[in-house]
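One structure is given below, encoded as structure tokens.
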Amino acid sequence: SRNRTAQEIKHLLSKNGLALAAPGSAAWAFTKTIDGYEPQNTIPLSDEDGAKLGEILEQIENQDDVEEVFTNAA
């Protein structure tokens, strides 16, 4: 269920000191393609931030209802 998944993702993010943005709030950063979404620009991350992002993305992808995750991190 979409609502259950959103609540699970919100909980996962809050455990990591983050929050889920409003629907469409990051749409400006991506272009829709046949294969999904491509970032219009990328944001460089420090090694520490990249590692933290990797951990969070792994946790999100482990959710049964999550199909794809897109990021504009370099």
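Everything numeric here is computed off the predicted structure, so don't read it as measured data.
- For Q59, the side chain to side chain donor-acceptor pair (under 3.5 Å) criterion is met by N16, not counting sequence neighbours.
- Here the CD-CD distance, from E61 to E67, works out to 12.5 Å after rounding to the nearest 0.5 Å.
- With sequence neighbours excluded, the residues forming a side-chain contact (heavy atoms from CB on, under 4.5 Å) with A73 are L45, L53, T71, listed by chain and number.
- The stretch residues 26-51 participates, sequence neighbours left out, in these ring pair (Phe, Tyr, Trp, His ring centres under 6.0 Å) pairs: Y37-F70.
- Applying the salt bridge (Lys or Arg N to Asp or Glu O under 4.0 Å) definition to pairs two or more places apart or across chains, those involving residues 5-14 are R4-E8.
- Not counting sequence neighbours, N72 has no partner by the side chain to side chain donor-acceptor pair (under 3.5 Å) test.
- More than 12 heavy atoms of other residues, nucleotides or ligands lie within 6.0 Å of CG in N62, so this atom counts as buried by the packing criterion.
- Taking the side-chain contact (heavy atoms from CB on, under 4.5 Å) definition, one finds that T31 meets it with Q40, sequence neighbours left out.
- Contacts classified as ring pair (Phe, Tyr, Trp, His ring centres under 6.0 Å) and involving residues 38-66 (residues at least two apart or in different chains) are not found.
- Contacts of T42 classified as side-chain contact (heavy atoms from CB on, under 4.5 Å), with partners at least two apart in sequence or in another chain: P39, A74.
- Residues meeting the side-chain contact (heavy atoms from CB on, under 4.5 Å) test with L13, sequence neighbours left out: I9, L18, L20, I56, I60.
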